[in-house]
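The chains referred to below are lettered A, B, ... by the order of the sequence lines, with proteins before strands, and numbering in each begins at 1.
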Amino acid sequence: MKYLSLLLLTGCATAGSGAFVSKDMLRIDRAKYADDAAVVLHRQDRTELVLDNESFTRMSRHEVIAVLGEGGLDLAEVRVPFNAKSKFTSFSARIVRPDGSEQILGVEALLSDTSGKGERDSNARFFRFPDVSVGCVMEYLWSVETPGLYWHDDQDTLGSFPVRHYDFELTASKEIVLETIEMNGGAPIQMRTGNDGSHTLKFELDDLPPRKKVDSAPHWTFTEPRWAWRIVAFKWRAYTDDALRNWNDAVNGNGRTFFTEGKLQEDFEASVDAKGCADASCLAQRAVELVHEKTITAGVKWDRAENLQKAWASGKASSVERALMVKSVLEGQGLDVWLAYGTGKLNRQTMPSFPNVDQFDRLFTYLPAQRGMKGPLVIDVTCDACKVGELAPEYANTQLYVFKTTETLGKTKSRGRWERAPNLSPAGGALVKHETRLDASGELFDLMTVSLRGDENAWAVERHRTEPHKLWDREKARAVHSSPLVFTGLVEWAQCAYPSCEWKVENSYPNEASRDGKRWLVPTSFLRNEWEEMYLPAERQTDIHLDEPDHYEEIADLKVADGLELVTVPPAQKLGPEGFKVEVSYERIPGGVRIKRKLFQDITELPKEKYGELRAAVEAFRRARREVLVFAPRQ
Amino acid sequence: MKSWRGVVVPVVAVLCSCTVKLAPSALQDVPQPGEYEHAPYVVLLDETVARYEPGSGDGPPQRVETSRQRFKILKPTSLPPLSVGYSRTFTRIESVRAWSYDANGVGKEVDTSNRSDYPVFSGSVLFTDSRALRVNIPPQPVGSIFETEVVTRDLDVSNFVTSHTFGDTEPVITSRLVVSAPAAWELRWISRKDGNDGVAPTERMVDGRRELTFEMTKLRAEHRDPRAPPLWLMLPTATVRLEKWTEGKTEKIAWKTPDLMSNWLSGEYAKQSEVTPELEQQVKEVLRDVPNDEEAKARALYEYACRSVQYCAIEIGYGGWIPHSAETVRKGRYGDCKDKATYLHTMLKVAGVSSAPTLIYAHDGTPRPFGLPSLATNFNHAILAVDLPGGRTVYADPTHRVVPFGQLPPSDQEATVLELRQGGTELKTTPASPPDANVEHQRYTLTLAANGDATGSVTIEAKGAHALAIKNQLLLGTGKLSEWSKARVWTRTTHVDAMTPKKSGDFVNDVELAGQLSMRHVLLRGSGGDALLRVSDLFSPWLTVADAGREQPMVWAVAETLRATVTIKLPPGSSIGALPDPASVDSQFGSYSLTWERRDDELVLTRELIRKERVVTRNNFQAANSFAKQVMKADHRAAVLKLPAGGAQ
């Protein structure tokens, strides 16, 4: 990764629409794209930031697409949605047909819906290339002007078709100080200064392959070359007005929303009883328990920012609202309370050196070291399984931006710093126990007890509180054998709250075991359906990203009729790459056999070179569900 | 085709900050938290009040519709945003309001000015005049009551209906449709439930207006079971339209019967079917090498229309129901279903083949019954009825890219259709296809490894409905064919290493793919070499069992024949022990057979299901379940094998 900082000096940006590409650029190496329905030959995105009395942002796109198969014909449809306050300023298009003939199209070909007038309304222009067939090349250019300046932007994915050439150009008036960043190995960002003093940054990519679907693939932001930019400041002669110069500027906007403009804390009066609490940690724990008791997060977007009292009364709160609730409660106890932003480890690639709050996906409450505390404390109140100081596993040991926003005379000011979150998460995982019995007809009866702990339990607990029938539907689907012949019944909910949720399920499997002479062949397919249908290909081109750690353990005591005994004890196995362990074992017990299998995944990333080891380990785990245990009359 | 719903700006934003109180009657029968175990909220009232009124001047009648929903919050929940879809041509939004009340019915109006209004995009429609207005509902306290009210004015209702669905995915206490019109006007209604008569209205005169009220109470939460028809098709409905009215001093009458609608629309379609010299030239070129035979000409022009015109819908105002001209379609090479049908109709006219554009409801297995004659409620698609010599009529759907001439895709089969012919026609029904018309045969040739995994080849032979998805996929290019095939093969834990077309073509009836695959866990295998091979482990099931308590029918797209042949070459040193007896199960729903055969070092199993009935209704669940369970039992019987010891891993 690299970034550069620019001070733009003079002049004004010019219009972004340009001419069609040369005919040379329309030539295609068909063999190279033999399997593709279309190829984007050229795509150019331009952003111009024009600062004057009526500042505006002009965004343009220029795209050239070759249709190689009928699957590419849908790309003949072009939709350009834009804010109702924006102006659609230019459009041109052409289509070059397989015989080389060319048709130029202008704005008269556009359909419009511009009836939206309000601040939040959208309008759109639509266009469809006429007379398109396989072998055509379609080219279009459009631009939209929006009043005011965009302060930052970053590249979206280029989609599922191959791209032969992509470039992004950012031009800004001389007064605008920009910073850009380029990630994942694209070409370096080029810079040039125009005669008018404006500065232009250019980012180019060539020969991007189409994206393929793979199990546990990294989020596209980790692999696709991409850019981002932001306005650092505005500079007028000797005077500089910071925009998004640093992280304090970036978080200040949200701080303003939380504490000044949004008045989120208005009327929020929740409090905890401090009686018996000797320190801030104790108060924090009480505040967290209160918020967990009163609200759930299911179905609420993490960054929703509603009035806290309204959210509290509704029983549903976002990550942001929960963190602010805890902050409010603890401030009521006289503590100095900060906030912290973070991003789940593998949710998307982050850019700590590039201030932009869009990369975050969780808000934490943070207590800096103060009287009565040994050190600072991170509170992940979004995580229902977490005690104070613990974080959901995907946030443990990540970088958090810790900040405090203060208000003076209606103006907010934020200050903060990066800190590494503690590597402390609630113990989690699943333990499944079976009490299994084989009857004389070959039918298997299984009483299964499922216990979930820690963050893995969160989904179950929330559903149990609000929609228990949905939890049962899901568990039924996960727990049972594929055949509807299998009887399944929920025997009881032992408990379902933190720290664990436990229930019992009874299954019966008719004709499960097969008789072979005097022997009984008993399959282990009554074990739970876990980690199936994954990692089927023998090879892999991308690194492996796993959502979060997983601890799964299953123990089955299988009892058979008196007089039968296990003929051979299958060998135990223990394998897996570092941080990913699978163990399978069998042992004779009175009247039968004990089967144990466990999969402990303590890592979330694995390089593709380790895929073979991972696959072998998962395979051993799965194979334990396909063992045939042979029982014969005792000698 | 598009569905009717409308509205437009300017929206009147009237916000009263005063305290308001619900009428005591509104608080009767209000459930309390804990009363409905599974429901986050109940709908206390779901009401549509429609008033038909004279239009301005001599204009068409208008309708003022007030939709009111009142919710009681029982558990922490987020109410869905208030979303109003509307047509810029036909409808105006008069007001959007909401109120929040406490448990005692005392509350305040909620600010709904934080709204957004945006064009509606759809994957299949490039451009319409449809927009949506959306208001996010702020968090509501548990125990509170929340109410929304949307008032719209529809500017042209003469060809459209007012309809209301009774029921929701959460419980509904009162669901009501109230429709009124000036006493001198006439209203016509229809109400259905499960294909039978639904709720009858009460009728009264109020202030010189005739008022019909349809009401249902205490409706349970409805959820769609797997393979069930869409919920909206199963719930009770009431539909009302103007039957007779006046515009100025002129008396107007709605289409009383489908044939009148057919006649009117045929005139509108005829205007769009003008023959131009360019179209004549086009037809001449297409038919250059085609025999002078009406069916051959129809087939050639049909295939040309399917191939050369891409689907792209642009529907503005009545453009939702009246096509673009055939010449416009020819020039642009794109259009929606009615555009493509009109284009083909016009080309056939040039070629001297008679045909009629035909309206149909394309469905997912459950055809929609015809209601009242009107533009927007009965049909969502257009095809063509082609008249061939000997009085034979063949339905053709040029919107579908790869259906052979003479066949219909499953979505068009068994559907009510209205052919648009001068003078009008009665409703008809499209034909179904029998099980032997829709066949898929997958052949696997596998070499089993000592650990129970296998590699080998597969061929997929498909015809009829089963060939369509394959042909459509092939049109998208071969780049993702292997990935796509993973979901197509019937075996479990299978990775398709490669897949290529062996026999294909846009309009052929039979297609074939061939590929290489690797499978894991073909069988259950013990460390000592004892192994069990069960069809239920090898394949995903072909049949479904209706759960106890299920009421909704189980629906498959077509009657069909599914056949699998698996040849498994065993590793050296293996032996085959007991094999299950052949199984054969027959019922009114289908026939099933499963055979096992040993051939030297190979094991061959063949499995076939003929699905005779594609819909199983509640009355037949017991018998259908019995059939399915016999099949599943047969699938679960294990062949006993002995593999070389020591090769388990």
- Item | Atom group of A:E306 that falls short of 4.5 Å from chain B, counting heavy atoms | side chain

- Query: Which value, rounded to the nearest 0.5 Å, describes the distance between B:L126 atom CG and A:D74 atom CG?
  - Reply: 10.5 Å

- Query: Taking atom CZ of A:R128 and atom CD1 of B:I314, what is their separation to the nearest 0.5 Å?
  - Reply: 8.5 Å

- Query: With a cut-off of 6.0 Å (strictly less than), are more than 12 heavy atoms of other residues, nucleotides or ligands near NZ of A:K294?
  - Reply: no

- Residue pair A:S514, B:R637: steps toward the side-chain contact (heavy atoms from CB on, under 4.5 Å) verdict: CA-CA 8 Å; A:S514 297; B:R637 288 196 191 107; over 6 Å; no

- Is A:R519 paired with B:D530 through a side-chain N to carboxylate O contact shorter than 4.0 Å? yes

- Query: B:Q140 versus chain A, heavy atoms under 4.5 Å apart: side chain, backbone, both or neither?
  - Reply: backbone

- What's the spacing between A:E77 CD and B:F127 CZ if we round to 0.5 Å? 13.0 Å

- Could you check if a side-chain atom of B:P76 sits within less than 4.5 angstrom of a side-chain atom of A:T295, using non-hydrogen atoms only? no

- Message: Any donor-acceptor pair under 3.5 Å linking the side-chain atoms of A:E627 with those of B:S527?
- Response: yes

- Query: With a 4.0 Å cut-off, would you call A:R623 and B:D453 a salt bridge?
  - Reply: yes

- Going by an N to O cut-off under 4.0 Å, is there a salt bridge joining B:R401 and A:E70? yes

- Task: Go through the steps for A:E532 and B:R492 under the test side-chain contact (heavy atoms from CB on, under 4.5 Å), then give the verdict.
- Result: CA-CA 10 Å; A:E532 299 285 347; B:R492 299 177 193 267; over 6 Å; no

- What residue, out of A:A37, A:P523, A:A317, has the most heavy-atom pairs lying under 4.5 Å from chain B? A:P523

- Message: With a 4.5 angstrom heavy-atom cut-off, is it the side chain or the backbone of A:V78 that approaches chain B, or both, or neither?
- Response: backbone

- Where the side chain of A:R622 meets the backbone of B:R520, is there a donor-acceptor pair that is under 3.5 Å apart? no

- Which atom of A:P510 lies closest to which atom of B:H636, heavy atoms considered: O-CD2, 3.6 Å

- Among the options A:V134, A:I296, A:V132, A:N307, pick out the one with the most heavy-atom pairs lying under 4.5 Å from chain B. A:V132

- Task: Please state whether the side chain, the backbone, both or neither of A:Y586 comes within less than 4.5 Å of a heavy atom of chain B.
- Result: neither

- Do you know which of B:S116, B:P141, B:P138 has the most heavy-atom pairs under 4.5 Å to chain A? B:P141

- Query: Would you find a donor on one side and an acceptor on the other, under 3.5 Å apart, between the side chain of A:D121 and the backbone of B:D117?
  - Reply: yes

- Message: I need the single residue from B:K331, B:R333, B:R330 that forms a salt bridge (Lys or Arg N to Asp or Glu O under 4.0 Å) with A:D131. Which is it?
- Response: B:R333

- Set of residues satisfying side-chain hydrogen bond (donor to acceptor under 3.5 Å, both in side chains) with respect to B:Y118, sequence neighbours excluded: none

- Does some side-chain heavy atom of B:T493 sit less than 4.5 Å from a side-chain heavy atom of A:L536? yes

- When only pairs under 4.5 Å are counted, which of A:P537, A:P570, A:A38, A:A538 shares the most heavy-atom pairs with chain B? A:P537

- Task: Kindly indicate, with the supporting measurements, whether the criterion side-chain contact (heavy atoms from CB on, under 4.5 Å) is fulfilled by A:S314 and B:V142.
- Result: CA-CA 5 Å; A:S314 77; B:V142 173; over 6 Å; no

- Query: How far does CG of B:L133 sit from CZ of A:R120, to the nearest 0.5 angstrom?
  - Reply: 12.5 Å

- For residues A:F126 and B:P119, report the shortest heavy-atom separation together with the two atoms involved. CZ-CB, 4.4 Å

- To the nearest 0.5 angstrom, please state how far the CG atom of A:N123 sits from the CZ atom of B:R131. 5.0 Å

- Task: For chain A, find which of B:S540, B:A531, B:P139, B:S518 contributes the most heavy-atom pairs closer than 4.5 angstrom.
- Result: B:P139

- Applying a strict 4.5 Å limit to non-hydrogen atoms, the region of A:F129 in contact with chain B is backbone

- Task: Look only at the side chain of B:Q310 and the backbone of A:L73, and say whether a donor-acceptor pair between them is shorter than 3.5 Å.
- Result: no

- Note on the structure: Honestly, the part of B:S144 sitting under 4.5 Å from a heavy atom of chain A is neither

- Rounded to the nearest 0.5 Å, what's the gap from OG on B:S100 to NZ on A:K310? Could you check? 8.0 Å

